[in-house]
2 protein chains.
Amino acid sequence: MAGIEEVAKLAGVSTATVSRALSGNGSVSQATKLKVDAAAEQLGYVVSSNASSLASGRTKNIGVVVPFLNRWFFSTVLEGAQQALLRDGYDITLYNLAGDGAERHSVFEHFLLRQRVDAVIAISLELTADEVSRLHRLKKPLVGVGGPIPGVRTLAVDDTAVARLATGHLIALGHRRIGHIGGVLELDVDFHLPSNRRVGYESALRDAGLDVDPALFRPADFTIQGGYQAAKQLLGSPYGRPSAIYAASDEMAIGAILAAKDLGLSVPRDVSIIGIDDHDLAEFFGLSTVAQFPRAQGEKAVQMLMEELHPERHDPVQSSIALPFELVVRSSTATPSAE
Amino acid sequence: MAGIEEVAKLAGVSTATVSRALSGNGSVSQATKLKVDAAAEQLGYVVSSNASSLASGRTKNIGVVVPFLNRWFFSTVLEGAQQALLRDGYDITLYNLAGDGAERHSVFEHFLLRQRVDAVIAISLELTADEVSRLHRLKKPLVGVGGPIPGVRTLAVDDTAVARLATGHLIALGHRRIGHIGGVLELDVDFHLPSNRRVGYESALRDAGLDVDPALFRPADFTIQGGYQAAKQLLGSPYGRPSAIYAASDEMAIGAILAAKDLGLSVPRDVSIIGIDDHDLAEFFGLSTVAQFPRAQGEKAVQMLMEELHPERHDPVQSSIALPFELVVRSSTATPSAE
DNA sequence: ATGAAAGCGCTAACAT
DNA sequence: ATGTTAGCGCTTTCAT
């Protein structure tokens, strides 16, 4: 393990100059920079992040906190963030809050606060006021993705508008009885999106002069399984069967498609189905959906943090950003067939 | 940010004693330990990981390298590892090698070597000899999960045996024409499992005195989509249609189930299908499979690293471990129907 | 543009 | 069992 001193010796300069040359902070002549780079290269020198962090107070490391890893949305945001950070020379330290409150507590008490990170990205996590204020007190920039955190800059699609768009699509096709598979309320206190996605649905119905029928709502857990079961119940009833279903996530929508098939119903002839997300599998299932772009969300979160961490290098921070979303019509939605 | 000095002052001891009391290294009387703990608690003191790492040479941080994040196997291993590490007070720094070689190169050149980690877990990644030797030179323990790395302790199920078990199950049911959906060879140089899973299939066939018919093999990319397309081709042919399909992953097997349905074939009456993994969705689809336990694999990888990092605290290292796997019979496999 | 030197906040000998 | 002290390997003033 070559140290900075050896590089300095080989390049014939002081360690201070090596540090400046390699980090880009402070001015170094073109000529010496070249010498230093060559020496570092030759020795295979890599800075010790610990020594560097200790001396500078910067860790070049971002903490990312997620509630789950094995869900498409989270892992995709994470991937986007990771790639953006890699470009800026940052590492990611991952905190997975799956599990009980004890785990969560320990993450905050002992891990995040260890000064191992320069900033934190919280994905779909509603942090408590206490957790937020601790981070603030440490002057760690914090940005949320996909879930509103009070007092924190958050990157999230307008869930109500998204829901209205999905529902509106069905209404525009002529559907009048539109079922909704939404989130379980008890589950996932961290999510507000289930209720927002329901609010948008209801407002779209009302705007179209349609009644909101509570019998047409089924809660589920955002999984394919959950969507399947909810859809079976919705579609099983011979009387009030909806001609269309709007599910609050693509995974649940896919479950609904499978349920319809198993009931012998044809999609979209007998029932139209739309989801939200544009999940990897949506295309395969021909699922109409409202796309959000989690990978881009991850990248944008990084960009926001970089602006806070390096104000000099960036244009002024835009405090609030409207995230894009987009209706994607595939083959799971169509005009309702004549009764 | 309270420092160790303030804690020492408050507790009325030296910083060395605080360090010992809090870390558990070195001996401290019960009484002073209590005092120190109280003082630290009162001040909200948390050690600076950088200062600690710099002084001790230990980072309490493990690097985890994965090729993808949004695949069930990887994220599940990662989750298992994360949870195990949390218990031991370790953080995870995540390196995602998705993307091109440049990214991979930069991960190794500049990230892993920054001395930010005490050890590395490589998931389903075949590291080059050069990459391995660099890690070795740095004396960083390295363990692989799910993919064989030459010269490195690897945790992996015996893929050949697993494949033989899956195929054997079909043979035992009486199937004679057994198709196989396996990995694309060009894709994923990092995986050897596709070929091992094919070798096991072929050897099971031969053991049973059955011919290996190359027409019954289709490559796919380990996704549901890929499995669907491969299965359509396998099942579409009216002549040589296999009575059973063994897919090298559950995701591909699920694709095969969907393909069978779309072709109007009933599973398992017209065709039996088995996969490998015991994916989250396997139960939902009634998929018979050979379960491996990725979460446990992640935990075990951590355990191995801990044994290397803290030999004193652990029983002697078992160098090689046979990982468990288990046939799970659900409703996608059955005796072939009479011709 | 470059160098000298004082820390960054801890840990680990070494003493006692 | 506890204190003293010398670093760990850098970055960053402050000079020049």
Side-chain angles (χ1 to χ4, degrees), chain A residues 1-37 39-40 43-61 89 110 113-116 118 138-139 310 312, chain B residues 1-37 39-40 43-61 89 110 113-118 138-139 309-310 312:
Chain A
M1 282 310 309
I4 197 173
E5 208 139 342
E6 309 170 47
V7 178
K9 204 164 299 165
L10 182 57
V13 296
S14 71
T15 61
T17 299
V18 173
S19 174
R20 285 189 279 251
L22 260 26
S23 71
N25 298 39
S27 37
V28 185
S29 77
Q30 192 57 31
T32 45
K33 171 150 178 53
L34 251 43
K35 273 193 306 189
V36 171
D37 284 350
L43 296 171
Y45 171 78
V46 184
V47 295
S48 154
S49 60
N50 289 312
S52 169
S53 303
L54 183 57
S56 70
R58 285 171 263 108
T59 66
K60 282 267 183 179
N61 193 95
H110 297 297
L113 303 180
R114 265 191 207 161
Q115 319 195 27
R116 187 161 268 169
D118 289 336
L138 291 171
K139 304 241 194 289
H310 309 285
E312 72 291 355
Chain B
M1 284 310 309
I4 198 175
E5 208 138 341
E6 310 171 47
V7 178
K9 204 163 298 167
L10 182 58
V13 298
S14 72
T15 61
T17 300
V18 173
S19 174
R20 285 189 280 251
L22 261 25
S23 72
N25 299 37
S27 37
V28 186
S29 79
Q30 191 58 31
T32 45
K33 170 151 180 51
L34 252 43
K35 273 193 304 188
V36 171
D37 283 350
L43 296 172
Y45 170 77
V46 184
V47 295
S48 154
S49 60
N50 289 312
S52 169
S53 302
L54 184 57
S56 70
R58 284 171 263 106
T59 66
K60 282 263 182 183
N61 192 93
H110 297 296
L113 303 180
R114 265 190 207 162
Q115 320 196 24
R116 189 161 266 167
V117 299
D118 289 337
L138 292 172
K139 304 243 191 289
L309 293 172
H310 308 285
E312 73 291 356

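Small disclaimer: the values here were computed from a predicted structure and weren't measured. First the proteins, then the strands, lettered A, B, ... as listed; each starts at 1.
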* With the side chain of Arg20(A) defined as its heavy atoms from C-beta on, choose the nearest nucleotide among dG3(C), dT12(D), dG9(C). => dG3(C)

* Asked: If you check the Ser48(A) side chain, which of dT2(C), dA5(C), dG9(D) turns out closest?
  -> dG9(D)

* Which one, dT2(C), dC8(D), dC10(D), comes nearest to the side chain of Ser52(A)? -> dC10(D)

* CG of Asn50(A) versus C1' of dC10(D): gap in Å, rounded? -> 10 Å

* **Heavy-atom pair with the smallest gap, counting every atom of Arg116(B) and Ser53(A)** => NH2-OG, 4.4 Å

* What residues in residues 26-37 of chain A put a non-hydrogen atom under 4.0 Å from any atom of DNA chain D? -> none

* Asked: CG of Asp118(A) versus P of dC8(C): gap in Å, rounded?
  -> 19 Å

* Kindly point out which of dG9(D), dA12(C), dT12(D) is positioned nearest to the side chain of Arg58(B)? => dA12(C)

* Asked: dT11(D) phosphate, OP1 or OP2: any side-chain N/O from Ser19(A) under 4.0 angstrom?
  -> yes

* Which of the following nucleotides, dT11(C), dC10(D), dG3(D), is nearest to the side chain of Ala55(A)? -> dC10(D)

* Whole-Å distance between dC10(D) P and Lys60(A) NZ? -> 16 Å

* With respect to the side chain of Ala51(B), which nucleotide from dA12(C), dT2(D), dC10(C) is positioned closest? -> dC10(C)

